[in-house]
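In what follows, every heavy atom counts, from backbone to side chain, and hydrogens, waters and symmetry copies are set aside. Just so it is clear, the model here is predicted, and its values are computed rather than measured. For reference, positions follow the sequence shown, starting with 1. For ligands, and for the atoms within them, numbers begin at 1 and follow the listed sequence.
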Amino acid sequence: MIRTAVFPVAGMGVRFLPATKSTPKEMFPIIDKPLIQYAIDEALAAGASRLVFITSSTKPSIKDYFSDNLKLESRLTKASKIQIPEDFIDVVPSNVECIFINQDFPLGLGHAILCAENAVGDEPFFVHLVDDLIYSEEPCLLQMKNHFDSYNHSIISVEKVPIQETSKYGIVELSKANNINVINSIVEKPDPIDAPSDMAVVGRYILTPKIFNFLADQEKGKGNEIQLTDAISKLLLEEQVHAFVFDGIRYDCGSKLGYLKANIEYGLRSDELGNDFLKYLLALKKESS
Ligand code: UTP
């Protein structure tokens, strides 16, 4: 049973400046739902009942999203006959615990995870990077949890990327053991020439609590940040860590192109908008050709 999901949401979102000056990228909508809500829904579908957000005092709107907005609610009720959507009132079900922890300085993803140590305790936990949006029939974290239930080892989700893009990702070197992808080594953002493979880490993990021992001693690495990748590299020496090739489509919503792709593809899949949106795109294509 994995009950805790950790969401590191304290990054600076440099790639989306100036929008991220006032709106954290985790609050960017895909159609009408912020990325953070997709992340919450995926973690709940995998059985999480404690959600730990590592946030920053520079991003107050993330915590605000979980609070009631009574003024707006009452205005909506008074001013219109529109039914207030249920998820406007309840972002998470009442039996789910939400914990917010401040990361005072953005010292890196590894440091953000370390901030969750006391909240997580001595048990395995999910890590979900909100800007990696994954569309799949079975939620990605649930796919990983089903794998974890059989093996009890840490798991990192991975996907093949063009070799010229390895310097954007953690890259793993794998071997197969009984049909399982076991990670032999992991390196943060290598140049293509140094990359051990083209299998990149995607923002979903299940980690055993031993990772905290390594994070606590972890020196700064690539980009002068405390890297989760470097701590996992040490964990590998003591525990088997599996790579998990998930079933689904990933959108890198931390990048402008990935975010645009997500909006277009979710728009086309939408019951409400899909047909009209497709008509619009086809007309646009005709006009421009
Ligand atoms: P990114 O590498 O995407 O960094 O972090 P970022 O700062 O959010 O975005 P860019 O690259 O500047 O545009 C991966 C995840 O780790 C979180 C981020 O919020 C993101 O979800 N993170 C990163 C933290 O919570 N704290 C940190 O110190 C760094």
A.B. asks: Could you tell me whether the side chain of Pro196 reaches within less than 4.5 Å of the side chain of Val172, counting heavy atoms only?
C.D. replies: no
A.B. asks: Give the residue, atom name and distance (to 0.1 Å) of the protein heavy atom nearest atom 16 (O) of ligand 1.
C.D. replies: Leu109 CD1, 3.5 Å
A.B. asks: Kindly identify the option in Cys253, Pro8, Ser56 whose heavy atom sits closest to atom 17 (C) of ligand 1.
C.D. replies: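 Closest candidate by heavy-atom distance is Pro8.
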A.B. asks: Angle between ring planes, His242 versus His153, binned at 30° and 60°: parallel, tilted or perpendicular?
C.D. replies: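 His242 vs His153 ring planes: tilted.
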A.B. asks: Short list, please: which atoms of ligand 1 are under 4.0 Å from a heavy atom of Arg15?
C.D. replies: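 Once the distances to Arg15 are compared, the set is 3 (O), 9 (O), 10 (P), 11 (O), 13 (O).
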A.B. asks: Between ligand 1 and Gly13, is the shortest N or O to N or O distance under 3.5 Å?
C.D. replies: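 N/O-N/O distance under 3.5 Å: yes.
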A.B. asks: Heavy-atom distances under 4.0 Å are what count here, so tell me which part of Val14 touches ligand 1: side chain, backbone, both or neither.
C.D. replies: both
A.B. asks: Is Ala10 touching ligand 1 with its side chain, its backbone, both, or neither, if touching means heavy atoms under 4.0 Å apart?
C.D. replies: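 It is both parts that get close, each with some atom under 4.0 Å.
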A.B. asks: Does ligand 1 have any atom that is closer than 4.0 Å to a heavy atom of His111?
C.D. replies: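 It does not, in that no heavy atom of His111 comes within the 4.0 Å cut-off of ligand 1.
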A.B. asks: Flag atom 5 (O) of ligand 1 as yes if some protein heavy-atom distance to it falls below 4.0 Å, otherwise no.
C.D. replies: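 Under 4.0 Å from atom 5 (O) of ligand 1, zero protein heavy atoms found.
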A.B. asks: Testing the basics here: between Cys115 and Gln103, what is the closest heavy-atom pair and its distance to 0.1 Å?
C.D. replies: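 Result for this residue pair: SG-CG, 4.1 Å.
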A.B. asks: Classify the ring geometry of Tyr251 against Tyr266: parallel below 30°, tilted from 30° to 60°, perpendicular beyond 60°.
C.D. replies: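 Aromatic pair Tyr251/Tyr266 classed perpendicular.
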A.B. asks: Quick one: does atom 11 (O) of ligand 1 have a protein heavy atom under 4.0 Å from it?
C.D. replies: yes
A.B. asks: Run the numbers for me: atoms of ligand 1, each under 4.0 Å from some heavy atom of Leu107, listed by number.
C.D. replies: 28 (O)
A.B. asks: Can you say whether the rings of Phe212 and Phe125 are parallel (under 30°), tilted (30 to 60°) or perpendicular (over 60°)?
C.D. replies: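 Rings of Phe212 and Phe125: parallel, as their planes differ by under 30°.
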A.B. asks: For ligand 1, which atoms sit closer than 4.0 Å to a heavy atom of Gly108?
C.D. replies: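 Listed by number with element, the hits are 26 (N), 27 (C), 28 (O), 29 (C).
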A.B. asks: Could you check Lys145 against Asp149 for salt bridge (Lys or Arg N to Asp or Glu O under 4.0 Å), going step by step and ending with a plain yes or no?
C.D. replies: CA-CA 6 Å; Lys145 188 211 155 265; Asp149 286 346; 2.7 Å; yes
A.B. asks: Is atom CG of Asp64 surrounded by more than 12 heavy atoms (other residues, nucleotides or ligands) closer than 6.0 Å?
C.D. replies: yes
A.B. asks: Treating Ile, Leu, Val, Met, Phe, Trp and Tyr as nodes and any side-chain heavy-atom pair under 4.5 angstrom as an edge, say whether Leu35 and Leu260 lie in one connected cluster.
C.D. replies: no
A.B. asks: Considering the heavy atoms of Pro106, write down every atom of ligand 1 situated less than 4.0 Å from one of them.
C.D. replies: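 Heavy-atom distances to Pro106 below 4.0 Å select 28 (O).
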A.B. asks: Quick one: look up the protein heavy atom nearest atom 8 (O) of ligand 1 and list residue, atom name and how far away it is.
C.D. replies: Lys25 NZ, 2.8 Å
A.B. asks: Please identify which of these residues, Ile155, Leu228, Val241, meets the side-chain contact (heavy atoms from CB on, under 4.5 Å) condition with Leu207.
C.D. replies: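 It is Leu228, the one option of Ile155, Leu228, Val241 that forms the side-chain contact (heavy atoms from CB on, under 4.5 Å) with Leu207.
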A.B. asks: Which residue and non-hydrogen atom of the protein lie closest to atom 7 (O) of ligand 1, and at what distance in Å?
C.D. replies: Met12 N, 2.8 Å
A.B. asks: Walk me through whether Lys33 and Asp41 qualify under salt bridge (Lys or Arg N to Asp or Glu O under 4.0 Å).
C.D. replies: CA-CA 11 Å; Lys33 224 163 72 166; Asp41 294 347; 3.2 Å; yes
A.B. asks: Other residues, nucleotides and ligands only: do more than 12 of their heavy atoms fall within 6.0 Å of NZ on Lys176?
C.D. replies: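 Yes, because the 6.0 Å sphere around NZ of Lys176 holds more than 12 heavy atoms from other groups.
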A.B. asks: Just to be sure I read this right, does ligand 1 sit under 4.0 Å from the backbone of Asp131, its side chain, both, or neither, counting only heavy atoms?
C.D. replies: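 The answer is the side chain.
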A.B. asks: If you count the atoms of ligand 1 from 1 in the order shown, which ones are under 4.0 Å from a heavy atom of Gln103?
C.D. replies: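 Going through ligand 1 atom by atom, the ones under 4.0 Å from Gln103 are 24 (C), 25 (O), 26 (N), 27 (C), 28 (O).
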A.B. asks: Using a 3.5 Å cut-off on N or O atoms only, is Gly254 in polar contact with ligand 1?
C.D. replies: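 No, since none of the N or O atoms of Gly254 sits under 3.5 Å from an N or O of ligand 1.
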A.B. asks: Quick one: does Glu26 get within less than 4.0 Å of ligand 1, heavy atoms only?
C.D. replies: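 Distance cut 4.0 Å: Glu26 passes for ligand 1.
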A.B. asks: Using a strict 4.0 Å cut-off to heavy atoms of Ala112, name the atoms of ligand 1 that fall inside it.
C.D. replies: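 In order of numbering, the contacting atoms are 24 (C), 25 (O), 26 (N).
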A.B. asks: If you have a sec, work out which protein heavy atom is nearest atom 14 (C) of ligand 1 and how many Å separate them, to one decimal?
C.D. replies: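 Ranking protein heavy atoms by distance from atom 14 (C) of ligand 1, first comes Leu129 CD1, 4.2 Å.
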A.B. asks: Can a cation-pi geometry be assigned to Arg204 and Phe244, taking NZ or CZ under 6.0 Å from the six-membered ring centre and within 45° of the ring axis?
C.D. replies: no
A.B. asks: Among all protein heavy atoms, pick out the one at the shortest distance from atom 22 (N) of ligand 1; state its residue, atom name and that distance to 0.1 Å.
C.D. replies: Gly11 N, 3.6 Å
A.B. asks: Do Tyr135 and Arg269 touch side chain to side chain, with heavy atoms closer than 4.5 Å?
C.D. replies: yes
